[in-house]
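Shown next, in structure tokens, is the structure this report addresses.
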Amino acid sequence: MTKQMDKRYEHATKEKEIYSMWESSNLFNPENTNKIRKENSLPVKGESWSVLMPPPNANAPLHCGHATYSIQDLYTRFKRMQGYSALYVPGTDHAGFETQVVYERNLKKEGKSRFDFDRKTLYENVLNFVKENSDVAINQLKRLGMSADWSRNTFMLDEHVINIVYETFKKMHADGLVYKDYYMVNYSPYHGTTFSNLETEHKETVSPLYYVNYKIKDTEQAITVATVRPETIFADVAIAVNPEDSRYKNIVGKICINPLNGREMPLIADSYVDPEFGTGALKITPGHDFNDYEIGKKHDLEVISSIDLEGKMNENAPEVCGVFATKARTLTADLLKEKGALVKVDEKYVNNLLVDYKDGKPIEPMLLPNWFIKMDELAKKAAEKVKNDEVAFNLPTWKKQTLDWLENIRDWPISRQTVFGIQIPVWYCATENPNMRVVFIDSNGETKDGSISDLVSQGYKISEINSGIQKLITGKDSKYVLSVDSPGDDYIQETDTFDTWFSSGQWPLTTLHYPNGNDFKAFYPTSLMDSMWDIMFFWITRMIIFGVYLTGEVPYKMVYMHGRINDAQGRKMSKSLGNVINPIDWVDKYGADALRMGILVGGNTAAKMSALSEDKVRGYRNFSNKIWNMTRFMNLMFDEYEASGGTVPVYSSNLLVVEEDTAILERLNTVIKDTTDLLESYRIKEAGDLVYDFVWHEVADVYIEQVKNREDKSIALSVLRHVMSTSFALLHPFMPFVTESVWEYMRMETTLPLIVSNWPTSA
RNA sequence: GGGCUCCUAGCUCAGCUGGUUAGAGCGCUACAUUGACAUUGUAGAGGUCACAGGUUCGAGUCCUGUGGAGCCCACCA
């Protein structure tokens, strides 16, 4: 008699027990599982198989999207059972900017801001903030059943990670791929940092359109220009019209007068200007507009800035100097009106305002010195690999999109003005760069702002400046030394940090300890990369770029793009809709297996979206219970038969089976083959559906009913045990907990846990 | 403006390279339930596969167009 089974499958207690059994037996570690399989005479392939976890934000709870990590776990379990040296490498991210934003919100509640701290203190505070709850994500991932090797857990700010990132930067610098330049960047005065193009959005906004007259020099004529940003007129340097525009042909080449400051500006012709739009005349402000900057370069125009880094008007706009740009807009309009230059205002004009993706706050295009990576050569090499199918994609569209992006790539601005991140390893000598501007908190707690030479002559020591530094602003041509540690007492380190994607783009290298680590040798390139399509360009493509650049190989052989998990009605989950599902709630309620099945089989992970409903998850909870009760019933039959003196032989093909047995065994054989093939071709849903249907509607509904009436119980039970244990093994990657739970009730000779048992093979 | 995807039962979706009476889960209806499971079983209703053309012996599946939904990229002052 085996021990009694509960009437129901109690997922809450079972899942806890099972996971700690796996963990304490070290069954997620490929070296150990290989050893165990060998000891048990199970086949071990020499080959390794690996997948990296896209690092969730360390201290934030998981959202439903993270439940898709089940895909990674599914394949790890599948490959582990097939005898590969299967490794799932976990990790968490510092999520630099994201985390800093959250931290700053907390500061705001305390009535403080980032400006109250020097750089170092602020960094330490944010890091502690992250560390306080750094295991939130990890513990929840364990609840989902992730069989990741936690002994290899990597944090994005681990020392070895930072070192690799530094080495890469040095190599890129040595290869001439790094440069510093003034560049029109997406600057957010609100966040105090720049954003990459990928991190900005356009938001439809009603903005008044102002029609402004610019007088033409030595005539009574004027040219009218429409603009939504009159405050930038202070920085206007030209007016452009389309060369084909007959209305303006006779005035091209003349000089017009800036209505605010009287600057003499050329009237130029450029085909960029759309004669149909507005008045057909465009003011050119290279200091505050991306397109104008390009036109300005083409026509060799001066770049003037009228807005500073805090979003306030500067000395080039004396009438409104110190006023925030948005406010200055109406003030400037009033000024124009006074001067008789304002023709009319269209109050209902709708345009697309550039904002940041995080808070939707306006972006100010600004000319700032920035560190860049030259992308053309890097992208070209990566594109070649993609073109040659050195990496596979689960859908052809992802290959196409990757190539499109790689072929139209622009240089990558990698400096961010956030504190929480990996500081760029560049140092500036104070004496060689006397004009660098420094903002720092001195030993009296006062914030000082000025050029380094002025501050030194006021008696400040470089050491004092260094310890209280907040921000260093250097020019494009400032002299610098590339170094991780300070090259001397006279040096100040660059305060900019790397874009988070610069470090996470090297995730396959950092987690595996490139270039000399054992894991790098054993597991690179990895086998699978699974991610949602929204970070295709941020992350997936950049990992390819870094991987190819440093190792000559794409860091993974296969990219599986999964879709977004929507609510039951197919709507995107969002706080404002109030339809956000906490995945852990459903793990509590229905079990991790049920949630995993809801994602993996209830929807199609490869589709762009997939709806997740509570009904579905409940349905799969019922399936868990079905599995449990099938096992329970099999045990009751075994007990009864054995109590009457019978013995059930281990199944073998020599058994004298009847027609009913042959039928189910043949089906089992087909199911093994099809499930394996479907999984190998990444058709997860179909594989899961197949086993689900077989277990419930063929084994339980039909075969078990037949067994009830069988006279030859020994044969029937032997076949039943074989069919059940085999199909539960097929189900294990989908529903690891319940299948492992019933495994010990299979009355088999082996005590080997299912997780390291053999993947069934068809006859 | 450029590119892409989707439209199959009340709901959420499968149907891969075209081939028997179009499938699943949930929901619904009726019945059953004295060896496990009511988190159960059996049976059933329900679809002119968005629409219109075309290719084909044959189209949900391929092509063209129309309508609807959505996504990505770029962005007009």
Side-chain angles (χ1 to χ4, degrees), chain A residues 5-9 11 197-198 200-202 207 209-212 225-230 232 236 239-240 272-285 288-292 295 349 351-354 395-398 400-401 404-405 408 410 533-534 536-537 563-564 566-572 590-591 594 597-598 601-604 606-637 639-641 677-678 681-683 685-686 688-690 692-693 696-697 700-702 704-705 707-709:
Chain A
M5 292 176 76
D6 292 333
K7 206 171 173 185
R8 286 186 189 147
Y9 174 59
H11 63 261
N197 284 341
L198 294 172
T200 62
E201 297 174 350
H202 290 267
S207 340
L209 184 63
Y210 300 87
Y211 288 78
V212 180
V225 169
T227 179
V228 291
R229 305 199 57 192
T232 64
D236 281 359
I239 298 291
Y272 168 77
V273 182
D274 177 3
E276 304 294 316
F277 192 88
T279 62
L282 175 64
K283 74 191 204 57
I284 303 298
T285 322
H288 294 291
D289 184 277
F290 290 96
N291 295 310
D292 291 9
I295 295 175
Y349 182 71
N351 76 333
N352 284 321
L353 184 68
L354 191 63
L395 292 176
T397 180
W398 304 129
K400 194 174 173 301
Q401 286 190 34
D404 281 353
W405 190 72
N408 296 299
R410 291 203 221 163
W533 41 258
D534 62 340
M536 265 285 279
F537 306 132
R564 196 211 293 141
N566 286 342
D567 75 359
Q569 284 96 53
R571 298 171 308 174
K572 184 176 177 174
Y590 303 112
M597 283 295 275
V601 183
N604 182 7
K608 282 210 166 165
M609 330 262 175
S610 151
L612 180 67
S613 68
E614 188 158 2
D615 277 348
K616 252 184 221 176
V617 178
R618 194 183 342 107
Y620 290 114
R621 186 274 316 265
N622 295 355
F623 184 48
S624 305
N625 190 55
K626 187 77 191 180
I627 289 166
W628 179 260
N629 271 292
M630 287 167 75
T631 309
R632 183 161 168 251
F633 185 60
M634 187 194 88
N635 274 278
L636 290 175
M637 287 192 290
D639 287 344
E640 191 183 272
Y641 181 63
D677 290 349
L678 286 167
S681 48
Y682 297 95
R683 284 153 70 174
K685 181 204 164 59
E686 289 166 71
D689 266 338
L690 179 64
Y692 173 94
D693 194 65
W696 200 325
H697 302 303
D701 291 347
V702 180
I704 286 185
E705 292 306 317
V707 171
K708 287 178 183 176
N709 303 319

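In what follows, every heavy atom counts, from backbone to side chain, and hydrogens, waters and symmetry copies are set aside. Just so we're on the same page: letters track the sequence lines, and every chain starts at 1.
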For the pair T285(A) and R229(A), evaluate side chain to side chain contact (heavy atoms under 4.5 Å, CB included) and give the outcome as yes or no after the intermediate values.
CA-CA 10 Å; T285(A) 322; R229(A) 305 199 57 192; over 6 Å; no
Go through the steps for W696(A) and M630(A) under the test side chain to side chain contact (heavy atoms under 4.5 Å, CB included), then give the verdict.
CA-CA 9 Å; W696(A) 200 325; M630(A) 287 167 75; over 6 Å; no
Side chain to side chain contact (heavy atoms under 4.5 Å, CB included) assessment of R564(A) paired with W533(A):
CA-CA 8 Å; R564(A) 196 211 293 141; W533(A) 41 258; 4.1 Å; yes
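Considering only residues two or more places apart in sequence or on other chains, E276(A) meets the side-chain hydrogen bond (donor to acceptor under 3.5 Å, both in side chains) condition with none of them. Applying the side-chain hydrogen bond (donor to acceptor under 3.5 Å, both in side chains) rule to R571(A) yields the partners D567(A), Q569(A); only residues at least two apart in sequence or on another chain are considered. Legend: residues meeting side chain to side chain contact (heavy atoms under 4.5 Å, CB included) with D534(A), ordered by chain and number and at least two apart, are M532(A). Remark: D6(A) engages no residue in a side-chain hydrogen bond (donor to acceptor under 3.5 Å, both in side chains) (not counting sequence neighbours). For E640(A), there are no side chain to side chain contact (heavy atoms under 4.5 Å, CB included) partners at least two apart in sequence or on another chain. Remark: R683(A) pairs with E686(A) by the salt bridge (Lys or Arg N to Asp or Glu O under 4.0 Å) rule, at least two apart or across chains. Applying the side chain to side chain contact (heavy atoms under 4.5 Å, CB included) rule to T200(A) yields the partners N186(A), F195(A), L354(A), I363(A); only residues at least two apart in sequence or on another chain are considered. Listed by chain and number, the residues in a side chain to side chain contact (heavy atoms under 4.5 Å, CB included) with L395(A) are T397(A), W398(A) (sequence neighbours excluded).
When the P atom is used for both rG60(B) and rA43(B), the distance is 28 Å, rounded to whole Å. When the P atom is used for both rC4(B) and rC11(B), the distance is 30 Å, rounded to whole Å. Nucleotides rC7(B) and rC16(B) have their P atoms positioned 11 Å apart, rounded to a whole Å. Atom P of rC62(B) sits at a distance of 10 Å from the matching atom of rG19(B), rounded to the whole Å. Comparing rU17(B) with rC31(B), their C1' atoms are spaced 44 Å from each other, to the whole Å. rA32(B) and rG70(B) are spaced 46 Å apart, taking the C1' atom of each and rounding to whole Å. rA22(B) and rG46(B) are spaced 13 Å apart, taking the P atom of each and rounding to whole Å. Comparing the same atom, P, in rG3(B) and in rU64(B) gives a spacing of 14 Å after rounding to whole Å.
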List, with names and distances, any nitrogen or oxygen atoms from the protein found under 3.5 Å away from nitrogen or oxygen atoms belonging to nucleotides 40-47 of chain B.
| from | atom 1 | to | atom 2 | distance (Å) |
| --- | --- | --- | --- | --- |
| rU40(B) | OP1 | N622(A) | ND2 | 3.3 |
| rU40(B) | O3' | K626(A) | NZ | 3.4 |
| rG41(B) | OP1 | W696(A) | NE1 | 2.3 |

What are the atom names and distances for every N/O pair under 3.5 Å that joins the protein to nucleotides 29-32 of chain B?
none

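Counting to the nearest Å, the P atom of rG15(B) and the CG atom of L678(A) are 11 Å from each other. Taking atom CG on L395(A) and atom P on rU17(B), their separation rounds to 12 Å, with Å as the unit. K400(A) places its NZ atom 7 Å from the C1' atom of rC4(B), with the value rounded to the nearest Å. Rounded to whole Å, atom P of rG25(B) lies 17 Å from atom CG of N604(A). If you take CD of E686(A) and P of rG23(B), they are 16 Å apart, rounded to a whole angstrom. Look at OH on Y692(A): it is 17 Å from P on rA14(B), rounded to the nearest Å. Atom CE in M597(A) sits about 12 Å away from atom P in rC26(B), given to the nearest Å. Distance R683(A) CZ to rG23(B) C1': 15 Å, rounded to the nearest Å.
Ring-plane geometry between H697(A) and Y692(A) is classed as perpendicular, the angle between the planes exceeding 60 degrees on a 0 to 90 degree scale with a lower cut at 30.
Residue contacts shown for R632(A) are limited to sugar-phosphate atoms, with no base heavy atom under 4.0 Å away.
Taking 4.5 Å as the limit, some side-chain heavy atom of R632(A) sits within range of a side-chain heavy atom of K7(A).
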For nucleotides 70-77 of chain B, give me one character per nucleotide, 5' to 3': B if any protein heavy atom sits under 4.0 Å from the base, S if the only such contacts are to the sugar-phosphate, - if neither.
S----BBB
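If K708(A) and G603(A) are placed on RNA chain B by their nearest nucleotide, the residue sitting closer to the 5' end is G603(A). A residue-by-residue look at G602(A) and R621(A) shows that G602(A) has its nearest nucleotide of RNA chain B further toward the 5' end.
Base pairing in RNA chain B gives the following stems of 3 or more Watson-Crick or G-U pairs, range against range and under 3.5 Å: B:1-7 with B:67-73, B:10-13 with B:23-26, B:28-32 with B:40-44, B:50-54 with B:62-66.
Looking at D693(A), its side chain never comes within 3.5 Å of a backbone N or O of D689(A) through a donor-acceptor pair. In terms of modelled atom types and a separation under 3.5 Å, the side chain of K283(A) and the main chain of D236(A) share no donor-acceptor contact.
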